[in-house]
Structure formats: structure tokens, C-alpha cells
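Everything numeric here is computed off the predicted structure, so don't read it as measured data.
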Amino acid sequence: TPAINLYGTREWHAAGFDGSGIRVGVIDGGFDGVRRLLGEEIPKNVIARCFAGVGSFSTDLADCENGVDHGTSVAELVVDMAPGAQLYIANPESPIDYRDTIRWMTAQGVRIINSSAASGYLFDGPGDGTAGRPDSTYEEVDLAVALGAFWVNSAGNEGDAGWTGAWLDADD
């Protein structure tokens, strides 16, 4: 795939770095088409926490297929980069589901969590990991880190516009 070529992944794999022994979680809005890719682009042993509604989850991948396929694409990329990793996926429906999913993943030994689900509103503070509101996504990041996970987040399509603090050009 393009990601393998772009990031020199073949060389890492040839050197023995393929994610073996690592558990990686992907939290996203949905995983449409994931069942169709099992055993091909997605390993058959994916472990899922799929939400059919707020507070209601199952291990049935059909519940993760909700018309949103972004999570499937992210999961495919993770597998391309680290084919030996154990993959966990979840599509939480609410902030409480989101925090419970982080707790579940870390309790399962997941040490890397990728979340694109929060990208559009993640950067809601002065940029130092704090925010002026109690339901900030920074709380989820802090929770994951406190529970031993490395947090990976995209800037999303709003990466250029998500800053809410005062702007200062350091070159002036």
C-alpha cells in the first residue's frame, strides 16, 4: 500500500519491527466494511467494543458498521505499519463511552491508542494540555496517559483552524 512505501515500512519489518507483542487501539466514529476486510486488510483476531447506542456495546463487529468508514481506514493503516500488533477497535457514542473505552483498552494492555474521532474539537485550550471547560477532550488524553497508553491523534481537517488561544508570531 502507499503507506508502506511512504514510510519505509518494509525496511522496519525486515529489521524485525512489525508491532509483534504490542496492542494498538483505534477509537473512531465507525468502522464500516471492517467485516468484509477480516483476514485480508484487517486481522481476523481484531478485538472490538462496538456501540449500537449510548452505553450499549457488544463485541459484534456489525455494531461498529454504522455508515462511517473512517475507522476502518485508520485500522488498515495501523495494520500496514504494524502487522504483528494486536488490534482493538471501538466506536464510542458519548463522552462517558469514550472514557470507558479508554479504561477498557488500557485494562486489556493496549499501550498505543489512536483517535481521530476527537480531531475536530481536540484543540480546545491554550495548547498546554489544559482547557477552560470540564468536558474537554484533554481529559481523555490525560486519562489514557495516566493509564499507561501513548496517545496518537490526528489534527483532522480542522488542524489549521482548531487553535483557540492568542496567536503570536515568534519570528517578530
Side-chain angles (χ1 to χ4, degrees), residues 1-51 57-93 97-123 129 137-159 162:
T1 67
I4 290 174
N5 295 327
L6 180 65
Y7 296 111
T9 307
R10 291 186 207 294
E11 291 82 6
W12 285 101
H13 294 170
F17 299 105
D18 70 350
S20 292
I22 305 296
R23 296 177 183 192
V24 179
V26 176
I27 300 174
D28 213 294
F31 295 85
D32 232 27
V34 71
R35 291 178 297 163
R36 176 179 45 82
L37 299 175
L38 289 176
E40 295 176 21
E41 297 292 321
I42 302 290
K44 284 186 178 187
N45 65 343
V46 64
I47 298 171
R49 187 174 216 182
C50 300
F51 287 80
F57 62 87
S58 74
T59 59
D60 185 350
L61 288 171
D63 290 336
C64 278
E65 294 185 336
N66 57 6
V68 177
D69 65 358
H70 188 270
T72 305
S73 298
V74 173
E76 285 181 273
L77 181 59
V78 168
V79 172
D80 286 346
M81 301 294 284
Q86 173 63 59
L87 183 65
Y88 290 73
I89 65 171
N91 65 326
E93 295 277 328
D97 291 343
Y98 202 90
R99 286 187 287 277
D100 286 346
T101 296
I102 292 167
R103 287 184 189 96
W104 168 74
M105 284 186 174
T106 55
Q108 301 299 309
V110 171
R111 293 298 170 252
I112 300 171
I113 298 176
N114 173 283
S115 179
S116 299
S119 297
Y121 62 92
L122 178 67
F123 306 105
T137 306
Y138 287 127
E139 288 183 14
E140 281 83 18
V141 175
D142 288 344
L143 174 62
V145 170
L147 294 172
F150 176 76
W151 187 270
V152 179
N153 207 105
S154 71
N157 295 332
E158 292 81 28

**OP:** Take Ile112 and Val152 through the test side chain to side chain contact (heavy atoms under 4.5 Å, CB included) and record every step on the way to the result.
**Re:** CA-CA 7 Å; Ile112 300 171; Val152 179; 4.2 Å; yes
**OP:** Decide side chain to side chain contact (heavy atoms under 4.5 Å, CB included) for Leu37 and Glu76; before the verdict, give the C-alpha distance in whole Å, the side-chain angles of both, and the deciding distance to 0.1 Å.
**Re:** CA-CA 9 Å; Leu37 299 175; Glu76 285 181 273; 3.7 Å; yes
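Applying side chain to side chain contact (heavy atoms under 4.5 Å, CB included) to Ile113 and the options Val145, Val26, Thr106 leaves one that passes, Thr106.
Taking CZ from Arg23 and CZ from Arg111, the interatomic distance works out to 9.0 Å, rounded to the nearest 0.5 Å. Residue Asn91 holds its CG atom at 9.0 Å from CG of Asp97, rounded to the nearest 0.5 Å.
Partners of Glu65 under the salt bridge (Lys or Arg N to Asp or Glu O under 4.0 Å) rule, at least two apart in sequence or in another chain, are Arg35. For Gln86, the side-chain hydrogen bond (donor to acceptor under 3.5 Å, both in side chains) partners at least two apart in sequence or on another chain are Asn45. Here Val79 pairs with Pro43, Leu87 under the side-chain contact (heavy atoms from CB on, under 4.5 Å) rule; sequence neighbours left out. For Asp69, there are no side-chain hydrogen bond (donor to acceptor under 3.5 Å, both in side chains) partners two or more places apart in sequence or in a different chain. The ring-ring contact (aromatic ring centres under 6.0 Å, His included) search around Tyr7 returns none, not counting sequence neighbours. With sequence neighbours excluded, the residues forming a side-chain contact (heavy atoms from CB on, under 4.5 Å) with Ala48 are Cys50, Leu61, Ile89, listed by chain and number. Applying the side-chain hydrogen bond (donor to acceptor under 3.5 Å, both in side chains) rule to Glu93 yields no partners; only residues at least two apart in sequence or on another chain are considered. Asp32 meets the side-chain hydrogen bond (donor to acceptor under 3.5 Å, both in side chains) test with no other residue; sequence neighbours excluded. Scanning for salt bridge (Lys or Arg N to Asp or Glu O under 4.0 Å) contacts around Asp100 gives Arg103, with sequence neighbours left out.
For residues 16-46, the pairs satisfying ring pair (Phe, Tyr, Trp, His ring centres under 6.0 Å) are Trp12-Phe17, with sequence neighbours left out. Annotation: ring pair (Phe, Tyr, Trp, His ring centres under 6.0 Å) contacts involving residues 72-92, sequence neighbours excluded, comprise Tyr88-Trp104.
When all heavy atoms of Thr101 and Ala90 are compared, the closest pair comes out as CG2-CB, 3.4 Å. Of all the heavy atoms in Asn153 and Ser115, the pair that sits closest is OD1-O, 2.9 Å.
For the pair His13 (side chain) and Met81 (backbone), a donor-acceptor distance under 3.5 Å is present.
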